[in-house]
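Structure, as structure tokens:
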Amino acid sequence: MTPGRFTAIVEKKTKLTPNVVLVRLRLAPAARWRFIPGQHIVLEIPLGKEILERPFSIASFPNESRHLELVVRLVPGGVASSFFEKSRRGAAVTFYGPRGNFKIRSAQRPLRFIASGTGIAPFRPMLYDLLEIRRVGVPIKLAVIAPSVQEALLEKEFCARALRHANLEYTLVTKLDDYFERFGAGRGEDIYLCGGVLFVKDTKAILIKKGVGEESIYHEEFI
């Protein structure tokens, strides 16, 4: 998966919540695009005479070679937010990638994924790869921390996948502490975290305090 520089066009933007969109990009037919589930791209955003760079986790499925999807939170005044809000269908987008070492290390032990907000993005291709392509049989738990069902990203998709796969358990909770009280800390599992810096820091601290070895915890942080 040698990183390269690619140009794609905006094919579709789908609102997941009032302030989060799923952006679907279409790559050129000649592009050789492959990635490891969990990796990210670095988007180039023109701003006057400058080019700003912003990382985004890849949210598309790993068997898609012509398309790339990103989960984008629209933050008032945000550089990337403004860029995608102004980008109409057919607009050109340039990025580097794939990059990063956030990936499934092994599928030999039970797996647990805990996401907050747009931190669900890298877990989407990870779960697709595990369940639909590799068809692993180990127990897999996906927990999404969100204020409400309406703010849980891709809720219907993950619920449908859990119905199709008996080894996938999907849970939506509004408070992190409540989640661990109900479902335990995950000893004997490999645990993957993704979300804001404070979310990852707090979750990791709780897990270690509850006896989970730090070597079993993997994470990706958003600034």
Side-chain angles (χ1 to χ4, degrees), residues 6-28 31 33-45 54-76 78-100 102 113-133 142-164 168 170 172 192 194-196 199 220-223:
F6 297 86
T7 297
I9 63 169
V10 176
E11 185 175 270
K12 186 178 180 182
K13 294 190 292 185
T14 305
K15 273 206 168 188
L16 302 181
T17 71
N19 63 348
V20 178
V21 294
L22 181 68
V23 180
R24 184 171 177 83
L25 306 175
R26 178 159 55 85
L27 288 92
W33 172 251
R34 292 179 62 203
F35 71 97
I36 298 171
Q39 289 187 303
H40 65 273
I41 65 164
V42 177
L43 183 72
E44 288 188 346
I45 303 174
R54 293 291 186 272
F56 282 92
S57 289
I58 301 166
S60 42
F61 302 132
N63 59 347
E64 289 192 282
S65 60
R66 290 288 310 281
H67 291 91
L68 171 67
E69 290 183 316
L70 309 173
V71 178
V72 181
R73 181 173 298 281
L74 302 178
V75 180
V79 174
S81 300
S82 299
F83 175 77
F84 279 116
E85 284 182 321
K86 293 175 183 176
S87 298
R88 301 291 181 241
R89 184 175 180 180
V93 176
T94 302
F95 64 91
Y96 289 92
R99 291 184 175 182
F102 190 54
F113 301 88
I114 307 175
S116 174
T118 55
I120 195 65
F123 294 158
R124 189 181 190 225
M126 284 180 169
L127 288 169
Y128 188 92
D129 179 53
L130 289 167
L131 296 167
E132 310 295 345
I133 297 177
L142 170 63
V144 171
I145 314 299
S148 66
V149 173
Q150 291 73 27
E151 295 179 77
L153 306 179
L154 303 167
E155 164 90 358
K156 291 183 179 179
E157 179 181 307
F158 290 118
C159 284
R161 202 171 300 287
L163 287 174
R164 291 198 303 272
L168 174 62
Y170 172 79
L172 171 64
Y192 294 80
C194 191
F199 165 78
E220 184 83 312
E221 301 171 356
F222 296 157
I223 297 174

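Taking the six-membered ring where the residue is Trp, Trp33 and Phe95 present perpendicular rings, their angle passing 60° and hence far from 30°. Aromatic ring pairs are classed by plane angle as parallel below 30°, tilted from 30° to 60° and perpendicular above 60°; the pair Phe123 and Phe102 is tilted.
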Audit row: Leu70, Phe84, side-chain contact (heavy atoms from CB on, under 4.5 Å) steps and yes/no
CA-CA 11 Å; Leu70 309 173; Phe84 279 116; 4.0 Å; yes

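Heavy-atom minimum distance, Ala80 versus Arg54: CB-CG, 4.4 Å. Of all non-hydrogen atoms in Val10 and Ser87, the two that sit nearest each other are CG2-CB, 4.1 Å. Closest approach of Leu68 and Ile58 over heavy atoms only: CD1-CG2, 3.5 Å. Minimum interatomic distance between Phe199 and Ala115 (heavy atoms only, all atoms of both residues): CZ-C, 4.0 Å. What you find for Ser60 and Phe35 is that their closest heavy atoms are O-CZ, 3.3 Å. The two residues Lys13 and Glu85 have their closest heavy-atom pair at NZ-O, 3.6 Å.
Put simply, CG on Leu22 and CZ on Arg124 are 5.5 Å apart, with the number rounded to the nearest 0.5 Å. With rounding to the nearest 0.5 Å, the separation of CD1 in Ile41 from OG1 in Thr94 is 10.0 Å. Expressed to the nearest 0.5 Å, how far CD1 of Ile36 lies from CE of Met126 amounts to 10.0 Å. Rounded to the nearest 0.5 Å, atoms CG (Leu142) and CG (Leu172) are 10.0 Å apart. Rounded to the nearest 0.5 angstrom, Glu64 CD and Leu27 CG are separated by 10.5 Å.
The closest donor-acceptor contact from the side chain of Arg26 to the backbone of Glu11 lies at 3.5 Å or more, if one exists at all. Of the possible polar contacts, one joining the Ser81 side chain to the Arg73 backbone as a donor-acceptor pair under 3.5 Å is found. Within the 3.5 Å criterion, the main-chain N or O of Arg24 finds no donor-acceptor partner in the side chain of Glu69.
Leu127 has its side chain out of reach of Tyr170: every pair of non-hydrogen atoms, C-beta onward, lies at least 4.5 Å apart. Here the side chains of Tyr128 and Arg161 are in contact, with some heavy-atom distance below 4.5 Å. Counting heavy atoms from C-beta on, the side chains of Phe158 and Ile120 come closer than 4.5 Å. Considering only heavy atoms from C-beta on, Val23 stays 4.5 Å or farther from Val93 through its side chain. Side-chain atoms of Leu74 and Val21, non-hydrogen and from C-beta on, do get closer than 4.5 Å to each other.
Within 6.0 Å of CZ in Arg89 there are 12 or fewer heavy atoms belonging to other residues, nucleotides or ligands.
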